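All values reported here derive from a predicted model rather than from experimental measurement. In what follows, every heavy atom counts, from backbone to side chain, and hydrogens, waters and symmetry copies are set aside.
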Amino acid sequence: MGGNQLSLILDPVVTTAHALHANAAAALVTYVPQYQHALTKVPKTRGVIAASLAAVTALWIAKQSIQQARTARKLRAQGVPEQIILHPKWWLLGLQRYLIGHLLEPVPDMAGAIRSEQQIPLLHGKNVDGWDRTDQVPLIYMNRLFFGSPSLVVADPKALHAMLSAHSYTFIKPETSIEAIGMVTGNLGMVTINGDVHKRHRRIVNPLFNMKTLMPLLPVMISSLDEFCAFLDTFPHSTSLPFHEMSGQLTLNVIGRTGMNYEFNALALEGTPITRAYNEMQEVIEFTPWFLLCLMYPNTLGRIPTASRRQFWRGHRVMIAAIKDMLTRARAEPNGTSLIHELIRQNEGNALNEYELVCETQTFLGAGHETTSSSLAMAVLLLAQFPDVQDNLAKELAAVDLGDYETLSKLPRLNSVINETMRLFPPGNLTFREAGADITVPTTALGPLALPKGLEIEIPIRAIHMDTSIWGPDAMEWNPQRWDTIDLVQGGNMDLSANRIVNGRRQIGPYDYFPFLVGPRGCIGRQFAVMELRLFIAGLVRRYKLATDLPVGGEDFHVAITMRPTNAWVRVERRAQE
């Protein structure tokens with residue numbers, strides 16, 4: 001019997017069973033602890049419940065597999081190539097594509113920084129099944145997740161324009177992404193919400209990040225940097241310092257003072273209760289197969305109270321209580337200058353309810369601290385690894401006043417260091433979308449491509465940033481000088497590949513370089529993050545000679561919600577003029 005006929009039989013059964021499964025799971029979580037003693041005396045009842053849940057789960061998995069197989073066939077019929085499984089697992093009897101897909105393959109590793117480099121051949125038609133056109137690259141391919149679920153990996157600028165700009169609200173954040181990112185930012189913050197809710201939040205939050213609002217925060221950033229440098233001065237210059245941790249201490253203090261009107265005291269050994277709580281939460285977020293399964297099934301597997309889950313929720317309760325207190329104090333200070341004060345003022349009329357305000361404040365903390373910290377640590381490490389680049393930057397900065405941000409923002413060497421660091425090591429190394437409706441998008445190699453509602457889409461930002469066909473043969477090397485001959489070309493869905501070099505300058509489009517994303521869902525705090533990076537990199541290079549024993553290419557990364565270095569060990573020594 002074919003898949004469609006089997007689906008007709010299973011559809012009504014599984015839909016009902018799935019609803020029963022969800023209700024049974026919720027009931028078990030609520031009531032089993034109360035009746036556990038009684039249930040132990042009725043083994044037959046326990047067996048019936050267990051068997052029923054197993055049967056319902058099996059039916060639901062069968063239903064999902066049928067739907068996913070149907071989606072995969074439709075994509076293949078339109079010419080979408082599929083990633084070949086290079087490392088079959090004999091113990092899965094050849095069914096790994098339909099059970100775990102590519103999740104446990106060592107090449108590529110779904111949760112590793114190296115994956116970006118390994119994706120590039122796939123985007124060019126190598127190691128994919130169904131692509132035999134040597135004259136053109138697909139820039140789109142399909143891989144598989146748990147139970148054969150297809151995921152479309154998209155790097156084609158025409159398709160990206162449709163997904164991120166022209167139809168950005170049709171391509172929504174998938175539930176798994178909301179579950180993962182929401183652990184840090186809350187599930188009703190700017191990063192996780194969709195549709196009209198996102199538009200409403202963006203209208204309220206957008207004014208917080210214009211330069212008129214940000215410029216009064218400049219002295220607070222500079223004083224936080226001075227405090228950080230005084231802390232660095234307490235160490236001998238021969239000591240290697242963990243900038244992968246210390247940069248986070250600096251940016252945490254800054255987002256506390258400028259964003260939340262709160263003193264994290266992150267440079268102190270103990271910090272504050274919310275600092276410790278936040279660190280506890282971050283420790284348990286790691287993209288293991290079990291973590292991914294819990295994200296996919298949050299109401300069943302995600303409710304299992306593992307030790308890491310309990311640790312997360314302990315920290316979460318402390319953080320939420322502190323944020324509510326911050327909002328209360330901000331309301332009592334109507335003339336305050338921090339971002340939380342401006343959020344309260346912009347929310348006049350209560351367009352955002354209390355829970356939404358809490359989530360947006362969580363977003364200040366998570367999105368406004370972690371990503372900048374990762375970029376700063378990488379920039380400092382790279383400058384230590386490339387002393388010639390560091391020396392040229394120090395010369396450019398020698399006569400510049402950090403308080404003159406207008407001048408600082410126009411320094412070519414400083415901007416090229418930041419751009420190149422964000423190109424090769426973007427903290428948001430990928431992003432996910434889901435087709436919120438049946439929709440057809442344009443593509444360069446396949447023509448119009450029909451995508452079914454519910455299809456998950458991965459946008460491999462770092463792989464695009466490392467693609468030699470865009471950036472040249474040295475695309476995988478950190479080379480800030482490349483930006484001396486780059487033109488950032490705006491203009492929607494234009495295809496630059498046929499005419500990449502113009503008058504000796506490389507043309508880079510908005511879907512070739514987008515560390516902050518693009519379109520209506522682009523990072524709303526971009527100017528805040530870039531301001532921090534300019535100030536902190538400039539201030540550190542003006543004061544210190546940076547050195548490291550870590551060789552180029554020796555960086556290790558933790559890849560979960562963001563990609564951050566874990567071994568950015570750097571020595572600092574005061575420059576003579578300082």
Side-chain angles (χ1 to χ4, degrees), residues 116-117 119-120 123-124 137 139 155-158 160-161 375-376 378-400 405-429 444 460-518 522-523 526-527 529-531 533-534 537-538 541 546 552-553 555:
S116 300
E117 182 177 338
Q119 284 179 310
I120 296 171
L123 294 169
H124 285 248
V137 297
L139 295 177
D156 180 17
K158 288 186 177 181
L160 291 177
H161 172 69
S375 297
L376 177 61
M378 275 310 306
V380 168
L381 176 62
L382 290 161
L383 288 167
Q385 291 175 327
F386 293 85
D388 54 335
V389 177
Q390 182 187 160
D391 291 342
N392 287 333
L393 179 58
K395 292 176 184 177
E396 181 181 71
L397 294 167
V400 176
Y405 185 72
E406 183 177 357
T407 299
L408 195 70
S409 66
K410 297 176 182 177
L411 296 179
R413 289 184 178 86
L414 177 61
N415 285 326
S416 68
V417 165
I418 293 171
N419 287 343
E420 184 70 349
T421 302
M422 297 293 286
R423 179 190 73 85
L424 197 54
F425 303 101
N429 63 317
T444 302
I461 297 171
R462 188 172 186 236
I464 295 170
H465 286 186
M466 299 172 72
D467 191 340
T468 54
S469 69
I470 298 173
W471 299 93
D474 65 342
M476 296 184 189
E477 301 173 12
W478 189 74
N479 176 21
Q481 288 184 327
R482 77 172 74 248
W483 291 87
D484 295 343
T485 55
I486 279 180
D487 292 328
L488 291 176
V489 180
Q490 303 303 313
N493 63 349
M494 64 171 56
D495 180 9
L496 298 171
S497 59
N499 197 24
R500 181 67 69 182
I501 306 297
V502 177
N503 298 326
R505 299 183 65 84
R506 188 169 293 275
Q507 309 297 293
I508 299 296
Y511 307 101
D512 298 328
Y513 176 73
F514 50 113
F516 296 99
L517 290 178
V518 292
C523 177
R526 174 176 183 164
Q527 293 196 92
V530 172
M531 176 182 280
L533 288 172
R534 284 172 176 154
I537 293 171
V541 171
L546 309 172
V552 175
E555 307 86 7

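The pair D512-R500 meets the salt-bridge criterion, since a charged nitrogen lies less than 4.0 angstrom from a carboxylate oxygen.
In this structure, the separation between CG on D474 and CD on Q481 is 10.5 Å, given to the nearest 0.5 Å. If you take CE on M476 and OG1 on T468, they are separated by 6.5 Å, rounding to the nearest 0.5 Å. Going from atom CG of L383 over to atom CG of N392 covers 11.0 Å, rounded to the nearest 0.5 Å. The distance from the CG atom of N419 to the CG atom of L424 is 12.5 Å, given to the nearest 0.5 Å.
Residues R506 and T485 fail the side-chain proximity criterion, which asks for heavy atoms closer than 4.5 Å. Between V502 and D487 there is no side-chain heavy-atom pair separated by less than 4.5 Å. Side-chain contact between P412 and E396 is present, with heavy atoms from C-beta onward closer than 4.5 Å. A heavy-atom distance below 4.5 Å is not found between the side chains of I486 and Y513. Using a 4.5 Å heavy-atom threshold, the side chains of M378 and E555 count as touching. At a threshold of 4.5 Å between non-hydrogen side-chain atoms, the residues Y511 and I464 do not count as touching.
By the 30° and 60° cut-offs, the orientation of the rings of F386 relative to W478 is tilted.
Taking each heavy atom of A538 and L408 in turn, the nearest pair found is CB-CD1, 3.9 Å. The heavy-atom pair separating S375 from P427 by the smallest distance is OG-CG, 3.1 Å. Pairing each heavy atom of P480 with each of V389, the nearest pair is CG-CG1, 4.0 Å. The two residues L139 and P157 have their closest heavy-atom pair at CD1-CD, 4.1 Å. Here the closest heavy-atom approach between residue L376 and residue I537 is recorded as CD1-CG1, 3.9 Å. In this structure, L123 and V137 approach most closely via the heavy-atom pair O-CB, 3.9 Å.
Checked by atom type and distance alone, the side chain of D467 pairs as donor or acceptor with a backbone atom of S469 at under 3.5 Å. Counting only distance, with no hydrogens or angles, the side chain of R462 and the backbone of P515 share no donor-acceptor pair below 3.5 Å. The main-chain N or O of T444 is found under 3.5 Å from a side-chain atom of D156 such that the two form a donor-acceptor pair. E420 places no side-chain N or O within donor-acceptor distance of the main-chain N or O of R482, the cut-off being under 3.5 Å. For R423 (side chain) and H465 (main-chain N/O), a donor-acceptor pair under 3.5 Å exists by modelled atom type. Panel note: side chain Q119, backbone P460; no donor-acceptor pair is recorded below 3.5 Å.
For D388, the CG atom is densely surrounded, since the number of other residues' heavy atoms within 6.0 Å is greater than 12.
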*asked:* Between I508 and W471, is the side chain to side chain contact (heavy atoms under 4.5 Å, CB included) condition met? List the steps.
replied: CA-CA 8 Å; I508 299 296; W471 299 93; 3.8 Å; yes
*asked:* L517 vs I461, test: side chain to side chain contact (heavy atoms under 4.5 Å, CB included). Steps then yes/no.
replied: CA-CA 9 Å; L517 290 178; I461 297 171; 3.7 Å; yes
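Taking R534 as the reference, Y405, N415 meet the side-chain hydrogen bond (donor to acceptor under 3.5 Å, both in side chains) condition, with sequence neighbours excluded.
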